[in-house]
Amino acid sequence: MVDLSTSYLGLSLKNPLVASSSPLMQKTETAQQLEAAGVSAVVMYSLFEEQIINESLKLHRDLERGTESFAEALTYLPDFGQYSIGPEVYVRHLTRIKEAVKIPVIGSLNGVTTGGWIEYAQKIEAAGADALELNLYYLSADPDLTSSELEASYLKLVNDVRKQIRLPLAIKLSPFYTSLPNFARRLVEAGADGLILFNRFYQPDFDLELLEVVPNLVLSNSDELRLPLRWIAILFGRIQADLALTGGVHSGLDVLKAMMAGACVTTVTSEFLQNGIGRAAEILAEITSWMEEHEYVSIKQMKGSMSQQAVAEPAAFERANYMKVLSSY
Ligand SMILES: Cc1cc2nc3c(=O)[nH]c(=O)nc-3n(C[C@H](O)[C@H](O)[C@H](O)COP(=O)(O)O)c2cc1C
């Protein structure tokens with residue numbers, strides 16, 4: 001029998017298949033179904049900085065009602081659809097999920113500024129989470145803001161969250177950094193125990209009839225795996241943090257590639273949304289049968305075996321491969 005176990009953020013996991021942050025976790029039953037289908041941990045959907053600030057603005061508005069002192073700023077409180085639930089509800093829901101499953105439950109905070117809202121990291125810890133993801137999702141449209149300034153503010157945020165909790169902390173990153181390995185190392189110095197590569201930025205579309213910018217969520221496919229795969233392979237062995245791959249994992253082979261690049265776990269959403277939670281069991285069976293066929297005894301044995309430091313041609317991950325790729329067409 002092959003050994004699928006892995007360790008991530010200090011957690012001993014029975015396999016590297018984790019259900020990533022998504023609305024799937026809005027129902028306790030879905031978390032239980034994911035556990036029954038074999039995933040080794042679940043990540044809660046995110047609690048957003050905006051939700052927490054919104055809630056405190058609402059509270060403030062209630063306290064100030066009739067005083068006229070606060071009206072202007074509060075005329076517009078955005079509606080976040082199904083992500084509109086308040087932070088206290090989020091924390092209670094996390095406790096319920098934690099009670100309903102035996103596998104680790106990872107909380108998720110999503111924000112970009114330091115401020116009072118990060119105290120919710122402590123509440124997530126108190127609610128019983130086994131670790132915390134911090135999703136840095138920000139798209140700068142300001143030509144005056146330099147990358148160093150932005151990175152410095154992220155590092156401060158990570159450090160501020162780190163100070164709030166004892167839980168293992170993983171940072172979910174976007175791929176858009178000029179020197180990702182350097183920023184990754186500084187995130188670890190700021191207190192990150194793990195890095196999750198990568199956040200997907202959802203690209204807005206134009207509705208030409210209404211002349212409106214509209215949200216357009218497209219689920220991933222296996223082609224998207226290559227971006228995080230390359231970066232995990234580059235970072236493995238260079239950064240003292242556990243690496244998680246998210247984006248484009250749809251099959252057992254995708255998981256195996258991530259392990260060989262150097263990931264501790266893969267975290268999956270699109271495949272479960274598209275083809276059902278039962279895919280978890282199938283993916284795990286695919287992994288097992290591939291490993292048996294290729295005479296691997298454990299996931300640990302293959303971890304990082306195709307990282308940049310391990311392969312015969314390290315330049316395959318860098319520019320040197322560029323001309324070769326073009327001429328292969
Ligand atoms: C509908 C939907 C909701 C999501 N919500 C969150 C979220 O709240 N927080 C977060 O960090 N990622 C969120 N994600 C991103 C996923 O966790 C995951 O990282 C991403 O979809 C890439 O993985 P995939 O290719 O398996 O879908 C969401 C993705 C989808 C499709």
Side-chain angles (χ1 to χ4, degrees), residues 8-9 16-27 30-31 34 37 39 41-52 80-87 89-91 93-94 97 105-112 120-121 124 129 131-139 154 157-158 161 169-176 192 194-204 215-229 231-232 243-255 257-258 263 265-277 279-280 282-283:
Y8 174 56
L9 303 176
L17 189 63
V18 171
S20 70
S21 188
S22 84
L24 280 174
M25 230 51 65
Q26 279 171 348
K27 288 205 175 116
T30 321
L34 281 160
V39 303
V42 290
V43 186
M44 287 283 291
Y45 51 89
S46 295
L47 176 58
F48 290 79
E49 173 181 351
E50 289 87 341
Q51 284 170 290
I52 301 168
F80 301 119
Q82 58 183 353
Y83 273 72
S84 275
I85 61 148
V89 177
Y90 179 92
V91 170
H93 187 53
L94 197 158
I97 295 218
V105 178
I106 300 172
S108 172
L109 267 185
N110 188 318
V112 287
Y120 271 84
I124 288 174
L132 179 67
E133 268 188 26
L134 173 62
N135 185 330
L136 301 178
Y137 190 119
Y138 179 70
L139 197 133
Y154 281 157
L157 173 62
V158 170
V161 172
L169 176 64
I171 310 300
K172 195 166 180 180
L173 283 179
S174 93
F176 305 119
L195 301 177
I196 305 150
L197 280 61
F198 286 115
N199 241 336
R200 291 173 87 218
F201 278 151
Y202 296 102
Q203 317 298 349
N216 183 4
L217 195 154
V218 179
L219 296 177
S220 72
N221 58 49
S222 283
D223 290 342
E224 285 185 32
L225 183 74
R226 295 196 200 173
L227 178 70
L229 197 64
W231 282 107
I232 298 241
L243 301 169
L245 185 149
T246 186
V249 175
H250 290 263
S251 70
L253 295 187
D254 293 339
V255 177
K257 287 180 189 177
V265 291
T266 54
T267 78
V268 176
T269 288
S270 292
E271 182 61 23
F272 297 151
L273 291 178
Q274 268 164 342
N275 297 318
I277 288 167
R279 277 294 290 147
E282 292 169 12
I283 290 172

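As the structure is a prediction and not an experimental result, all values here were calculated from the model. Indexing begins at 1, ligand by ligand and atom by atom, following the structure's order.
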What's the spacing between Y90 OH and S46 OG if we round to 0.5 Å?
6.0 Å
Taking heavy atoms and a distance under 4.0 Å, where does I196 meet ligand 1: side chain, backbone, both or neither?
neither
Separation of L132 CG from L9 CG (nearest 0.5 Å):
10.0 Å
Applying a 4.0 Å heavy-atom criterion (strictly less than), which segment of E224 is in contact with ligand 1: side chain, backbone, both, or neither?
neither
If you measure from CG on N275 to NE2 on H250, what distance do you get to the nearest 0.5 Å?
8.5 Å
Go through ligand 1 atom by atom and flag the ones less than 4.0 Å from a non-hydrogen atom of V268.
26 (O)
If you count the atoms of ligand 1 from 1 in the order shown, which ones are under 4.0 Å from a heavy atom of S20?
16 (C), 17 (O), 18 (C)
What about F198 and F176, are their ring centers closer than 6.0 Å?
no
Using a 4.0 Å cutoff against the non-hydrogen atoms of L219, which atoms of ligand 1 qualify?
31 (C)
Which of the atoms of ligand 1 are close to K172, meaning less than 4.0 Å from one of its heavy atoms?
10 (C), 11 (O), 12 (N), 15 (C), 16 (C), 17 (O), 18 (C), 19 (O)
Can a donor-acceptor pair be found, under 3.5 Å and without considering hydrogens, that links the side chain of S174 to the backbone of L136?
no
S270 side-chain N/O to L219 backbone N/O, donor-acceptor pair under 3.5 Å:
no
Numbering as shown, the atoms of ligand 1 that approach G247 to under 4.0 Å (heavy-atom distance):
22 (C), 23 (O), 25 (O)
Side chain or backbone of T269 under 4.0 Å from ligand 1, or both, or neither, by non-hydrogen atoms?
both
Can you list the ligand 1 atoms lying under 4.0 Å from a non-hydrogen atom of S220?
24 (P), 25 (O), 27 (O)
Would you check whether S21 has a nitrogen or oxygen atom less than 3.5 angstrom from a nitrogen or oxygen atom of ligand 1?
yes
